[in-house]
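Residues: numbered from 1 along the sequence shown.
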Amino acid sequence: MRALTRWGMSLMLSFAATLAHAAQPAQTAATLLDRLQAGDVGAAEEMLTPEMSKAVPAAQLQALWNSFGGLQERGATQVSARGDISLVTQRLRFAVGDIDTQVAVDASGRVAGLNFKPAAAQAPPAPSVPSDASFKEMPFNVVSGKGNLPGTLALPKGKGPFRVVVLVHGSGPQDRDETIGPNRPFLDVARGQAPPRKAVLRNEKRPKTPPEELNSDK
């Protein structure tokens, strides 16, 4: 019983140490943002490694931060490890819009990297097909020797046969609508082509398809 109790306490201490280790880079990143927000760029620069401080002088760092306008909201943080570097990722909402921020914290707790980039626009939910539309949409699986690719078939109402148009993706892991920011060009093409008695098939590109769906027999 005592051995079990000691094992339980050891496990709890190990878990607590893991949480503390993960919290340290997140706290460092939060402190850096606090100092930048307060305009205390000198204190922010003290947190940087010598290499980082040389690459991004204090005046340049402050000018970059000020260019985003006022900071309005901070999102949740995510911490990942790359060797001795911890990457703290967080979405910040500024007056100019959402900015994805990544702070690299080294093993000594200093900031070794800082990256800002505009957050990708999120596409709104795809509009449903109106009940009075001259076509309908149905799920469709493209079967190949490498597994199935789920897709959507836009099919004109009425009696066929219909000509079939297959939409082919460009480079990159694209979904069936070829969603780019708020735009869905494949969805627009499919619904624009279906009414003139053309069936249009669009499917998930293989790198975009979850492995469990690739192996599905549905």
Is any side-chain heavy atom of [X] less than 4.5 Å from a side-chain heavy atom of [Y]?
X      : Y      : value
Val103 : Val111 : yes
Leu167 : Glu178 : no
Arg202 : Glu137 : yes
Glu45  : Leu61  : no

Give, for atom [atom1] of [X] and atom [atom2] of [Y], the distance between the pair rounded to the nearest 0.5 Å.
X      : Y      : atom1 : atom2 : answer
Thr152 : Arg191 : OG1   : CZ    : 9.0 Å
Asn203 : Lys205 : CG    : NZ    : 10.5 Å
Thr101 : Leu92  : OG1   : CG    : 3.5 Å
Trp65  : Gln60  : CH2   : CD    : 15.5 Å
Phe186 : Asp177 : CZ    : CG    : 9.5 Å

Non-hydrogen atoms of [X] and [Y] that approach each other most closely:
X      : Y      : answer
Ala199 : Leu153 : CB-CD1, 4.3 Å
Leu87  : Ala104 : CD2-CB, 3.7 Å
Asp98  : Arg93  : OD1-NE, 2.7 Å
Ser67  : Val96  : O-CG1, 3.8 Å
Ala112 : Ile85  : CB-CD1, 4.4 Å
Pro57  : Lys54  : CD-O, 4.0 Å

Would you say [Y] ends up clustered with [X] if hydrophobic residues are merged whenever their side chains have heavy atoms under 4.5 Å apart, either directly or through other cluster members?
X      : Y      : answer
Met47  : Phe116 : yes
Ile99  : Leu32  : yes
Leu149 : Val168 : no
Met138 : Val200 : no
Leu33  : Val56  : yes

Is [X] reaching over with its side chain to a backbone N or O of [Y], donor-acceptor style, under 3.5 angstrom?
X      : Y      : value
Asn183 : Pro185 : no
His169 : Asp175 : yes
Arg110 : Leu48  : yes
Lys198 : Ala154 : no
Glu204 : Arg176 : yes
Gln102 : Thr89  : no

Candidate pair Asp106 and Ser108, rule side chain to side chain donor-acceptor pair (under 3.5 Å), full reasoning: CA-CA 5 Å; Asp106 67 12; Ser108 67; 2.8 Å; yes
More than 12 heavy atoms from other groups under 6.0 Å of [atom1] on [X]:
X      : atom1 : result
Gln78  : CD    : no
Lys136 : NZ    : no
Arg163 : CZ    : no

Side chain to side chain donor-acceptor pair (under 3.5 Å) assessment of Thr28 paired with Gln24: CA-CA 6 Å; Thr28 298; Gln24 289 171 2; over 6 Å; no
